[in-house]
Amino acid sequence: MEINLKEKIKEAVKIIYNSDVKDDLIQIQETRKDFKGDFTLVVFPLLRFSKNTPEKTGEMIGQYLTKNFPAVSGFNVIKGFLNLEISNAWWVEFFKKLASEKSHIEACKVSEPETILVEYSSPNTNKPLHLGHIRNNLLGYSLYRILSGCGHRVIKTNIVNDRGIHICKSMLAWQKFGNGETPESSGMKGDHLVGKYYVLFEKNYKIQIEKLVKEGMDEAEAKNAALLMRETRDMLLKWESGDEEVFGLWKMMNSWVYAGFDETYKKLGVDFDKIYYESDTYKVGKDIVLTALKDKILYRNEDSSIWADLTPDGLDQKLLLRSDGTAVYMTQDLGTAVNRQNEFKFDKNIYVVGNEQNYHFQVLKALLKRMGYKWADGLIHFSYGMVELPEGRMKSREGTIVDADDLIKEMQTTAKEVSLELGKLSDFSDEEQEDIFRKIGMGALKYYILKVDPKKNMTFNPAESIDFNGNTGPFIQYTYTRIKSVFRKAEQMGINIEHILFSGVKAGTKEIELIKLLRKFSETVSAAAAGYSPALIANYCYELSREYNQFYHDFSILGEDDEEIRNFRLILSKVTSEIIHSGMWLLGIEMPERM
RNA sequence: GGUUCCGUAGCUCAGUUGGAUAGAGCAACAGCCUUCUAAGCUGUGGGUCGAGCGUUCGAGCCGCUCCGGAAUCACCA
């Protein structure tokens, strides 16, 4: 529509003022609601051609368009703004076309699809997932849906941090204090059980340090000298040398954790195409580093540790291999990136990782480019903000970590309470009801997190998160179920909404407002894909729902006597429900049929 | 100290490449269920867009300087 208008305006300027205008000088936007009109041309940039006042210029272009472009039914000029009124017939025709589309996401397909890897989740195997992981998983998964919806080939990956000293901590504590406890024997979810021993380790470790400090030892020294830490380091060495007992313990405990994670992932509705384990990839990076050393891209220190000098890039010196030859985090990420490029030939590799690692990814990219990998330009750090609580950051020491499983459960419990109080589902079986509670609870949680601009830190307010009124997931779900309810009623009346038609109806202003919003869906999705921002879609769905609710409140659909208008409103409702459903699908949010 | 990000109503957040009188929700107050689901709708109050300067016909958005907050600058991951 805009493009068409643009052409006509160019034509107008050409004929009236005999000048050629560049595209970017023709600025068309939607008319603000308090003015009459549908689209607005900002005439200021065109004054250089008209050499006239803004009012006069707008007037002349407006007259030309009304005369030569049937879609433009009228216009008005206020200050430097030319408000164009689009004819009712045009909107109705446009809507007909929209209604005939099989898939609304289809319209967002890009012309040149890319191969894109999305890495998200990246858990440690010593603790259960928490609220921060939830934001990560939801963002990553939604990004996958949006990008693949736009036609890209997207591979979902997860890199599991399954080795290292912190993993040995929970292993050691279990060995010492566990008495053979298993998920089966305790009834605990595997990741929570392992997390329990991690906490137990930290607790006892702290006691040992305090004791040593009391005996006169310096604190830093005490941290190293504490028996538990010595034993842990010993265990890590055994693990690296492939000690059978340690390795067996590691495998067993990790398998508990994975079983636990799988459960949480399933509840969150996320999954992966390929899972990488750090224990497999950490060695790969070493070769790359050693090769780069040979090529003199890196240098060796006196203590034989290996470093990169990134000061020319405005960054610091970066360690890549320790003096004992073992790998660090960066070493492994170098290896993983190269591996992935070889395996998938990706155009882009998107890392969904918190903004605390901005520096890390800056370095990673700089290093790879320095090593001559041109594809390093395709590495994108999707950096998202921290989730904070109203009282500040989550701190494990103060017990303010919000556990993922607890939160999911709480949201569903609240959904159940609210639903039962409203009592609209009494004719459903318990099983069906539980499924609806689940969808509402998860919808509330997901929407609450995804509606916020990813790069901003966000506050998670527990009291607010369980409010299902206003700008929330359940509000949008509710709008959807209302439409579905209308359809059920229509069916009872013998109307088959798949086969109804309308021709030349006169659409009301509210209906045209809805059509305008529906029209914006595909550009919103494209913007979300280009800017990696699910929040745009979330806010769009909210806006659309609000608009529909107003329409629903003001007009009767099935009570309308004129069959043409009734059908028009039914189809308008149908397209709205489809687009809300598509939008929420892109966010990974399920929609109940009733609530 | 260097780098990156953030600062919009009491609170949580929107605000597309600079465009008209900066928008929602929550909280507060006042209304609307005999009619398709009231998890809804309508109205009222609430703002020097952190501050200042600059660019521009026009700045919440762009540039500079401050102020405030977060993260990071590890032989942790």
Side-chain angles (χ1 to χ4, degrees), chain A residues 24 27 29 31-32 34-35 40 42 44-45 47 54 78-81 83 122 124 161 163-167 278 301 303 305-307 314-324 326 328-330 332-333 354-360 362-363 383 385-386 388 390 393 415 418-419 421-422 424 440 444 448 451-453 455-461 463-465 467-479 481-490 493 520 523-524 527 531 533 535-536 538-539 542-543 545-546 549-550 552-560 569-570 573 594-595:
Chain A
D24 55 345
Q27 294 176 31
Q29 56 199 257
T31 303
R32 288 180 61 113
D34 13 318
F35 297 98
T40 296
V42 185
F44 292 109
L47 299 185
I78 295 168
K79 294 183 198 167
F81 299 92
N83 299 325
S122 324
N124 288 332
N161 179 226
R163 61 165 283 276
I165 196 113
H166 53 299
I167 308 296
E278 201 194 314
N301 214 348
D303 62 2
S305 55
I306 297 174
W307 295 74
L315 303 165
D316 294 324
Q317 312 282 328
K318 182 73 194 174
L319 174 90
L320 293 175
L321 276 184
R322 295 191 186 101
S323 45
D324 63 2
T326 56
V328 292
Y329 180 39
M330 186 60 74
Q332 159 226 318
D333 258 7
N355 61 13
E356 65 211 345
Q357 293 191 31
N358 286 354
Y359 184 74
H360 172 81
Q362 228 179 312
V363 171
S383 165
M386 300 287 100
E388 287 162 9
R393 275 192 91 177
V418 174
S419 299
E421 200 175 317
L422 292 169
K424 296 176 186 172
I440 296 171
Y448 186 88
K451 74 173 175 182
V452 181
D453 180 350
K455 69 172 179 290
K456 287 188 176 177
N457 284 3
M458 65 173 288
T459 307
F460 182 84
N461 187 327
E464 198 183 298
S465 68
D467 182 356
F468 294 168
N469 301 314
N471 187 356
T472 65
F475 170 86
I476 297 166
Q477 291 173 323
Y478 180 70
T479 309
T481 56
R482 272 178 141 184
I483 297 174
K484 288 289 166 177
S485 179
V486 173
F487 293 167
R488 277 191 297 274
K489 202 79 163 202
M493 291 166 65
K520 277 170 77 176
E523 69 186 65
T524 303
S533 182
L536 293 178
N539 286 302
Y542 172 65
E543 208 182 327
S545 298
R546 226 162 38 94
N549 275 327
Q550 288 167 14
Y552 178 93
H553 180 266
D554 293 348
F555 298 94
S556 180
I557 299 166
L558 295 171
E560 172 60 44
R569 289 182 183 163
L570 270 169
S573 301
R594 273 184 59 183
M595 63 189 276

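Everything numeric here is computed off the predicted structure, so don't read it as measured data. Proteins get letters first, then strands, A, B, ... in listed order; numbering begins at 1 in each.
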- prompt: Checking all strands, does A:Lys79 fall into the base, sugar-phosphate, or nothing category for heavy-atom contacts under 4.0 angstrom?
  reply: sugar-phosphate

B:A30 and B:G45, which share atom name P, separated by this distance in whole Å: 16 Å

query: If the P atom of B:A24 is compared with that of B:C41, how far apart are they to the nearest Å?
result: 12 Å

message: Of the listed nucleotides (B:A38, B:A77, B:C26), which one gets closest to any side-chain atom of A:Tyr478?
response: B:A38

- request: Take atom P in B:G63 and the same atom in B:U55, then report the distance between them in whole Å.
  value: 16 Å

message: Need one value for A:Arg393: base, sugar-phosphate or nothing, where a base atom within 4.0 Å counts as base even if backbone is also close, heavy atoms only.
response: sugar-phosphate

- prompt: Considering only the P atoms, how many Å lie between B:A20 and B:C49, rounded to the nearest integer?
  reply: 15 Å

Check: A:Asp324/A:Thr326 side-chain N/O donor and acceptor closer than 3.5 Å: yes

- request: From the options B:A39, B:C13, B:A20, select the nucleotide whose nearest atom is closest to the side chain of A:Leu422.
  value: B:A39

message: Suppose you measure atom P in B:G60 against the same atom in B:G54; what distance do you get, rounded to whole Å?
response: 15 Å

query: Between B:A77, B:A39, B:G19, which nucleotide gets closest to the side-chain atoms of A:Gln29?
result: B:G19

- prompt: Just wondering, do A:Phe35 and B:A20 stack (centres under 5.5 Å, planes under 30°)?
  reply: yes

Check nucleotides 4-10 of chain B against the protein and report each pair of N or O atoms closer than 3.5 Å, with its distance, or say if there are none.
unit_1, atom_1, unit_2, atom_2, d
B:G7, OP1, A:Lys456, NZ, 3.2

- request: Please name the pair of heavy atoms, one in A:Asn358 and one in A:Ser383, separated by the smallest distance, quoted to 0.1 Å.
  value: OD1-OG, 2.9 Å

query: More 5' along RNA chain B: A:Thr479 or A:Asp453, using each one's nearest nucleotide?
result: A:Asp453

- request: May I ask you to say what A:Ser323 touches in the nucleic acid, namely base, sugar-phosphate or nothing, with a heavy-atom cut-off under 4.0 Å?
  value: base

query: Of all heavy-atom pairs between A:Phe468 and A:Ala444, which one has the smallest distance, and what is that distance?
result: CE2-CB, 3.5 Å

field: Side chain A:Thr40 and base B:A20 donor-acceptor under 3.5 Å
entry: yes

- prompt: Hey, which of these two, A:Ser545 or A:Tyr448, hits RNA chain B nearer its 5' end, going by closest nucleotide?
  reply: A:Tyr448

field: Side chain of A:Tyr552 - closest among B:A38, B:A39, B:A24
entry: B:A38

Pair of N/O donor and acceptor under 3.5 Å linking B:A39 base with A:Ser419 side chain: yes

- request: Check whether the aromatic ring of A:Phe475 stacks on the base of B:A39, taking stacking as ring centres less than 5.5 Å apart and planes within 30° of each other.
  value: no

Parallel, tilted or perpendicular: rings of A:Tyr542 and A:Phe475 (30°, 60°): tilted

- request: Pull up the glycosidic torsion of B:C33 and say syn or anti, syn being anything within 90° of 0.
  value: syn

query: Tell me, what's RNA chain B's dot-bracket, Watson-Crick or G-U with both distances under 3.5 Å, | for other-strand, [ ] crossing?
result: (((((((..((((.....[...)))).(((((.......))))).....(((((..]....))))))))))))....

query: Under 4.0 angstrom, heavy atoms only, what part of the nucleic acid is A:Gln357 near: base, sugar-phosphate, or nothing?
result: base

message: Counting only side-chain heavy atoms from C-beta out, which of B:U21, B:A39, B:U37 sits nearest to A:Arg482?
response: B:U37

statement: Nearest heavy-atom contact between A:Phe44 and A:Pro54 is CE2-CG, 4.3 Å

task: Go through the structure and list residues passing ring-ring contact (aromatic ring centres under 6.0 Å, His included) with A:Tyr448, not counting sequence neighbours.
output: A:Phe460

message: Is there a side-chain contact between A:Thr459 and A:Glu464 in this structure, where contact means two heavy atoms from C-beta onward sitting under 4.5 Å apart?
response: no

- prompt: What is the nucleic acid contact for A:Asn124, judged by heavy atoms within less than 4.0 Å: base, sugar-phosphate only, or nothing?
  reply: sugar-phosphate

- request: Could you check which of B:G19, B:U37, B:C13 has an atom nearest any side-chain atom of A:Val42?
  value: B:G19

